[in-house]
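Have a look at the structure below, then the notes.
Keep in mind it's a predicted model, so treat the numbers as computed, not measured.
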Amino acid sequence: MATQIYLIYAKNYLIPSGIISLLTYSILIVQGTSTLSVLFWLKLITSPIFLVDHSRRKQQELFFYLNMGIGGRRLNGVAILIDYAIWLVGMITLINLLS
């Protein structure tokens with residue numbers, strides 16, 4: 001149940017962030033592993049930008065989550081954790097496939 005609540009909150013954040021992840025995957029496939037540091041910084045810079053935008057859009061819904069005992073920092077932290085975990089698994093998989 002709690003996992004579903006986090007995913008419902010993070011869904012609108014994970015869509016644009018997933019697009020950036022797909023972009024980094026495609027760049028990695030085309031350019032190779034020499035671009036890893038650039039791709040890491042691209043993901044590290046764009047994710048907080050999307051998260052701030054997401055938090056502003058979800059501000060009215062935050063009261064629902066607060067009534068359930070889940071704070072905004074925890075919601076955003078879980079959203080970023082899910083995003084980076086998916087991205088990292090994808091990157092490791094691609095690097096292993098390309099080697």
Side-chain angles (χ1 to χ4, degrees):
M1 175 72 175
T3 306
Q4 289 177 339
I5 293 171
Y6 290 118
L7 289 175
I8 289 169
Y9 177 79
K11 179 177 63 174
N12 292 335
Y13 163 73
L14 292 175
I15 292 171
S17 185
I19 292 170
I20 293 296
S21 294
L22 291 174
L23 177 68
T24 59
Y25 297 155
S26 64
I27 292 172
L28 179 66
I29 290 170
V30 171
Q31 299 294 328
T33 57
S34 63
T35 60
L36 276 176
S37 62
V38 174
L39 298 176
F40 172 77
W41 284 108
L42 174 68
K43 184 69 175 172
L44 196 66
I45 291 170
T46 57
S47 291
I49 293 170
F50 290 138
L51 190 63
V52 168
D53 180 55
H54 176 70
S55 297
R56 288 184 182 161
R57 284 186 281 127
K58 291 283 192 172
Q59 194 168 11
Q60 295 298 323
E61 296 176 21
L62 187 59
F63 296 111
F64 169 76
Y65 297 103
L66 290 173
N67 285 335
M68 296 183 72
I70 304 171
R73 285 186 182 174
R74 175 175 276 180
L75 287 167
N76 290 332
V78 169
I80 281 227
L81 184 67
I82 292 169
D83 175 35
Y84 283 133
I86 292 170
W87 180 75
L88 189 60
V89 168
M91 290 298 279
I92 290 171
T93 304
L94 280 175
I95 290 170
N96 286 335
L97 289 174
L98 293 174
S99 328

Distance in Å, [X] [atom1] paired with [Y] [atom2], rounded so as to fall on 0.5 Å steps:
| X | Y | atom1 | atom2 | value |
| --- | --- | --- | --- | --- |
| Ile27 | Ile20 | CD1 | CD1 | 8.5 Å |
| Leu28 | Ser34 | CG | OG | 9.0 Å |
| Leu62 | Asn67 | CG | CG | 9.5 Å |
| Leu88 | Leu81 | CG | CG | 10.5 Å |

Smallest separation among heavy atoms of [X] and [Y], with atom names:
| X | Y | answer |
| --- | --- | --- |
| Phe50 | Pro16 | CE1-O, 3.8 Å |
| Thr24 | Leu39 | O-CD1, 3.5 Å |
| Leu75 | Tyr6 | CD2-CD2, 3.7 Å |
| Leu66 | Gly72 | CD2-N, 4.4 Å |
| Leu42 | Leu23 | CD2-CD2, 4.4 Å |
| Ile86 | Tyr25 | O-OH, 3.2 Å |

Are [X] and [Y] grouped together when hydrophobic residues (ILVMFWY) are joined by side-chain heavy atoms under 4.5 angstrom apart?
| X | Y | answer |
| --- | --- | --- |
| Ile80 | Ile49 | no |
| Leu44 | Ile82 | yes |
| Met91 | Trp41 | yes |
| Leu98 | Val38 | no |
| Ile45 | Leu51 | no |

note = So the salt bridge (Lys or Arg N to Asp or Glu O under 4.0 Å) pairs with at least one residue in residues 67-88 (sequence neighbours excluded) are Lys43-Asp83

Residue pairs fulfilling salt bridge (Lys or Arg N to Asp or Glu O under 4.0 Å) with at least one residue in residues 57-69, sequence neighbours excluded = Asp53-Arg57, Lys58-Glu61

Any side-chain heavy atom of [X] within less than 4.5 Å of one from [Y]?
| X | Y | value |
| --- | --- | --- |
| Leu36 | Ile95 | yes |
| Ile29 | Leu97 | no |
| Tyr13 | Ser55 | no |
| Tyr84 | Ser21 | no |
| Ile8 | Tyr65 | yes |

Parallel, tilted or perpendicular, as decided by the 30° and 60° cut-offs, for the rings of Trp87 and Phe40 = tilted

request  = Give a yes or no answer on whether the side chain of His54 reaches the backbone of Tyr9 with a donor-acceptor pair at less than 3.5 Å.
outcome  = yes

